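Reviewing the structure listed below.
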Amino acid sequence: GTLSAEEIKRVKGLGCLQDKRYADVFNVRVITKNGKITAAEQRVIAEAAERFGSGEVTMTSRLTLEIQGVHYADIAALIEYLNENGLITGGTGSLVRPVVSCKGTTLNKKDGNIPPRIAETPSGILNSVGLQNPGVDKFINYYLPRLRKQDTVVIANIAGAVIDDYIAVAEKLDATDVDMIELNISCPNVKQGGATWGVTCEGAASVTRAVRNATKKPVIVKLTPNVTNITEIAKAVEAEGADSVSLINTLLGMRIDIRTRRPILHNNVGGLSGPAVFPVAVRMVWQVANAVKIPVIGMGGIATAEDAIE
């Protein structure tokens, strides 16, 4: 019989897209790991396509694989077969989902660093703002309700000077309707915490582990580029339960006023962002995407749509 709109929507949420030519035929999307699958996984998908579909498999623009021609009655058996072999279906949400990634939030209000804390550079800017923010309670009570009036995903970015700070903020956010939590373990402007956590595997892993135990929300770990081997840091946080990594944060830099013979920034050093860091960001994102199985969020120096696509 004809499937209801509610049932078509339900199976779409499982990764099954209706073939518009037929009432009860679907194309089922299989999630890959950043576009990568093993030879064994390929064999499983090929077998599944033969058993439950038309025998055809296509690649989508979202780096998923689609098993074509699956009849509605076979969807449950197909998904069960894939799950038994370590594969999952999904990835059929909105083509573009608006996201608001919020300013770094700490347990208590922070006024940030003493000015001057901004310095222009060729193709970029140095900032030493120092995580100025109103604190997590103000974020939850004032800003979050306003964000929730918009049709958007909300990512809360958190930071702390000690692990207990991260845990306390994560626990508070866990009780809200924030969609995801991003860990700032890489800010180069804060004299306590920040880069201290993110420049070693042990430090990055310890914060990730603590926050992973404090919340059921998806956890993104934002990585610093100011390290010798960023892939080792990425693998360390993946092993401790990070759901995703984002990179890069700013590169540590300095400008000097040649008239006063002193650094322009009161804090002496700051984080370099802007188009100047783009090639570094692309290189590091490429390295990390080839080293971990969790999703990688690329950022740093993006000025155009073409930059984002790259």
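Just so we're clear, the structure is a prediction, and the values are computed from it rather than from any experiment.
The salt bridge (charged side-chain N to carboxylate O under 4.0 Å, His left out) with Asp243 is formed by just one residue from the set Arg212, Lys217, Lys216; it is Arg212. Of the residues listed (Leu107, Ile140, Asp174, Leu183), the one engaging Val169 in a side-chain contact (heavy atoms from CB on, under 4.5 Å) is Leu107, and it is the only one.
Salt-bridge formation is not detected for the pair Lys235/Glu238: no Lys NZ or Arg NE/NH1/NH2 atom is positioned less than 4.0 Å from an Asp or Glu carboxylate oxygen.
Cluster annotation: Val30 is not connected to Val25 through the hydrophobic network of ILVMFWY side chains, with a link wherever side-chain heavy atoms come within less than 4.5 Å. The hydrophobic clustering, which links ILVMFWY residues whose side-chain heavy atoms are closer than 4.5 Å, places Val100 and Val178 together. Grouping the Ile, Leu, Val, Met, Phe, Trp and Tyr side chains by contacts below 4.5 angstrom, directly or via other members, places Phe278 apart from Leu223. A continuous path of ILVMFWY side-chain contacts below 4.5 Å connects Phe26 to Leu87, so both sit in one hydrophobic cluster. Both Val44 and Ile37 belong to a single network of hydrophobic side chains, linked directly or stepwise wherever heavy atoms of I, L, V, M, F, W or Y lie under 4.5 Å apart.
More than 12 heavy atoms of other residues, nucleotides or ligands lie within 6.0 Å of CD1 in Ile118, so this atom counts as buried by the packing criterion. Counting non-hydrogen atoms of other residues, nucleotides and ligands closer than 6.0 Å to CD of Glu232 gives a total above 12. Under a cut-off of 6.0 angstrom, the local environment of CZ in Arg262 is sparse, with at most 12 non-hydrogen atoms contributed by other residues, nucleotides or ligands. With a 6.0 Å radius and a threshold of 12 heavy atoms from other residues, nucleotides or ligands, Lys109 has its NZ atom at or below the threshold.
Between atom OG1 of residue Thr215 and atom CE of residue Met180 there is a gap of 12.0 Å, rounded to the nearest 0.5 Å. Considering CD1 of Ile233 and OG1 of Thr200, their distance stands at 6.0 Å, rounded to 0.5 Å. Here CD of Glu80 is found 10.5 Å from CG of Leu82. Values are rounded to the nearest 0.5 Å.
A heavy-atom distance below 4.5 Å is not found between the side chains of Ser128 and His266. Between Leu131 and Asn184 there is a side-chain heavy-atom pair separated by less than 4.5 Å. Ile79 is listed as a side-chain neighbour of Asn83, based on a closest heavy-atom distance under 4.5 Å. Ile155 places none of its side-chain heavy atoms less than 4.5 Å from the side chain of Asp179. In this structure, the side chains of Ile163 and Ser206 come closer than 4.5 Å at one or more pairs of heavy atoms.
The closest side-chain donor-acceptor pair between Thr106 and Asp165, if any, does not fall under 3.5 angstrom. Looking only at atom types and distance, the side chain of Tyr72 has a donor-acceptor partner in the side chain of Glu7 under 3.5 Å away.
When all heavy atoms are compared, the tightest approach of Met59 to Leu65 is CE-CD2, 3.6 Å. Across Lys103 and Gln132, no two heavy atoms sit closer than the pair CE-O, 3.2 Å. Here the closest heavy-atom approach between residue Cys102 and residue Leu147 is recorded as SG-CD1, 3.7 Å. Closest approach of Val199 and Asn226 over heavy atoms only: CG1-O, 3.8 Å. Scanning all heavy atoms of the two residues, the minimum distance from Ile67 to Ala49 falls at CG2-CA, 3.7 Å. The heavy-atom pair separating Gly270 from Leu126 by the smallest distance is O-CD2, 3.6 Å.
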Taking it one step at a time, do Cys16 and Thr89 satisfy side chain to side chain contact (heavy atoms under 4.5 Å, CB included)? CA-CA 8 Å; Cys16 310; Thr89 61; 5.6 Å; no

Tell me, with the steps shown, if Leu144 and Asp177 meet side chain to side chain contact (heavy atoms under 4.5 Å, CB included). CA-CA 9 Å; Leu144 185 56; Asp177 56 358; 3.6 Å; yes

